[in-house]
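Here's the structure, in structure tokens; my notes come after.
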Number of protein chains: 2
Amino acid sequence: MHYIVLYDTLLVMTDTAQIYNVENTQSQMRKGFLEFPVLLIIGAKPTYAPDILKQLKKANLLVVEGTLYPLLSRLKRYGLVQYVWQESTGGPPRKMYTVTKEGKEVLTQLEESWKSLDASVKGLIKHYEKN
Amino acid sequence: MHYIVLYDTLLVMTDTAQIYNVENTQSQMRKGFLEFPVLLIIGAKPTYAPDILKQLKKANLLVVEGTLYPLLSRLKRYGLVQYVWQESTGGPPRKMYTVTKEGKEVLTQLEESWKSLDASVKGLIKHYEKN
DNA sequence: ATACAGTACTATGTAATGCAAGGTACCTAT
DNA sequence: ATAGGTACCTTGCATTACATAGTACTGTAT
């Protein structure tokens with residue numbers, strides 16, 4: 001049997017091609033994921049935003065202010081971290097963040113999630129990389 | 001020196017706590033990332049959507065129709081995959097997807113990105129896991 | 001004093017994507 | 001005809017990364 005009209009998709013065969021941007025995908029790859037390394041860093045010892053940025057950068061995870069501050073507010077709102085104000089020798093005071101008990105539990109779960117995801121991807125690569 | 005008024009943040013100290021949901025983070029972790037395993041699967045051999053879903057499920061990557069179909073459209077729009085209609089013994093015809101030359105190049109880049117991300121996270125975990 | 005640079009935190013708007021939910025279309029068997 | 005299975009598509013919502021602009025505090029040079 002032959003199909004003459006096949007859904008409406010035939011009508012959009014003249015898709016205007018778009019330019020693919022790897023950086024966008026890399027950015028999207030970080031969505032939600034970032035909570036994990038940030039919690040890791042704060043969990044190690046009390047820290048404040050600019051220092052977190054430095055540590056992320058050192059770990060090759062480029063994050064900017066506009067991403068980190070809302071993320072910290074979110075973690076605070078969910079009770080995963082807390083902070084105390086601390087005066088600085090030069091410049092305005094800092095919000096020193098620490099991970100709460102709930103935060104540590106979530107951190108454990110996120111580590112599990114990450115390991116699971118990592119294992120899945122490794123499996124897929126091994127299975128399909130002969131192309 | 002002591003600070004009496006510290007930005008406007010003092011005014012919102014009574015944040016209403018919200019419930020944190022790990023599943024949401026796991027869902028966000030997949031953002032953008034999904035293109036990678038889907039390209040891997042299609043790259044191995046021509047496939048169609050329901051089969052891709054099965055393979056992802058087998059790899060412990062739970063994805064649903066409402067996520068996969070728009071993703072495939074996107075990959076097509078960017079010229080990373082293409083498809084041909086293929087009749088099925090029972091049921092409607094299938095869109096059999098294959099990876100284009102451009103798609104293979106992107107696939108290589110995504111694999112690099114993933115390895116880099118993986119290495120960063122592993123480094124962070126090793127560095128901070130003594131908490 | 002005043003201006004300026006540096007540090008720290010905040011707020012707004014945009015784009016991208018995962019997902020739930022509902023829908024259309026084709027095929028076979030009853 | 002009708003029902004059930006298969007395959008594909010669409011709409012609307014929630015979330016989050018990021019660019020950009022802004023506020024506030026401190027020390028230093030003019």
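Lettering follows sequence order; numbering is per chain, from 1.
With rounding to whole Å, A/K76 atom NZ is found 15 Å from C/dC9 atom C1'. Taking atom CG of residue B/L62 and atom P of nucleotide C/dA20, one finds them 10 Å apart after rounding to whole Å. Remark: P of C/dA25 and NZ of B/K95 are 14 Å apart, rounded to the nearest angstrom. At whole-Å resolution of the value, CZ in B/R94 and P in D/dA7 are 5 Å apart. Following rounding to the nearest Å, B/M96 (CE) and D/dT6 (C1') show an atom-to-atom distance of 14 Å. Rounded to an integer number of Å, the gap from A/L34 CG to C/dA16 C1' is 15 Å. Between the CG atom of A/L72 and the C1' atom of C/dA8 there is a distance of 12 Å, rounded to whole Å. In this entry the distance linking CG of A/D51 with P of C/dA8 reads 9 Å, nearest Å.
To the nearest 0.5 angstrom, B/E112 atom CD is 5.5 Å from B/K115 atom NZ.
For D/dA14, the OP1/OP2 oxygens have no side-chain nitrogen or oxygen of A/R74 closer than 4.0 Å. Contact check, B/Y69 against D/dC8: a side-chain N or O comes under 4.0 Å of OP1 or OP2. Checking the phosphate oxygens (OP1, OP2) of C/dA8, a side-chain nitrogen or oxygen of A/Y48 falls inside 4.0 Å.
Side-chain proximity of B/P50 to C/dT17, D/dC18, D/dA7: nearest is D/dA7. Among the nucleotides C/dT10, D/dA7, C/dC19, the one closest to the side chain of A/E65 is C/dT10. Considering only the side chain of A/V64, D/dC18 comes nearest among C/dG18, C/dT17, D/dC18. Nearest to the side-chain atoms of B/P92 among the listed nucleotides C/dC9, D/dA19, D/dG5 stands D/dG5. Closest to the side chain of B/T67, out of D/dA19, C/dC9, C/dC19, is C/dC19.
The closest donor-acceptor contact from the side chain of A/T98 to the backbone of A/P46 lies at 3.5 Å or more, if one exists at all.
The minimum heavy-atom distance linking A/L39 with A/V99 is given by the pair O-CG2, 3.8 Å.
Closest-nucleotide positions on DNA chain D for A/F33 and A/T89 were compared, and the one nearer the 5' end corresponds to A/F33. Mapping B/K54 and A/E35 onto DNA chain D by nearest heavy atom places B/K54 at the nucleotide closer to the 5' end.
The shortest side-chain heavy-atom distance between B/Y48 and B/Y83 does not fall under the 4.5 Å cut-off.
The list of salt bridge (charged side-chain N to carboxylate O under 4.0 Å, His left out) pairs with a residue in residues 55-74 of chain B, not counting sequence neighbours, reads B/E35-B/R74.
Among the protein residues, A/Q86 comes within range of no part of the nucleic acid, since none of its heavy atoms lies under 4.0 Å from any strand.
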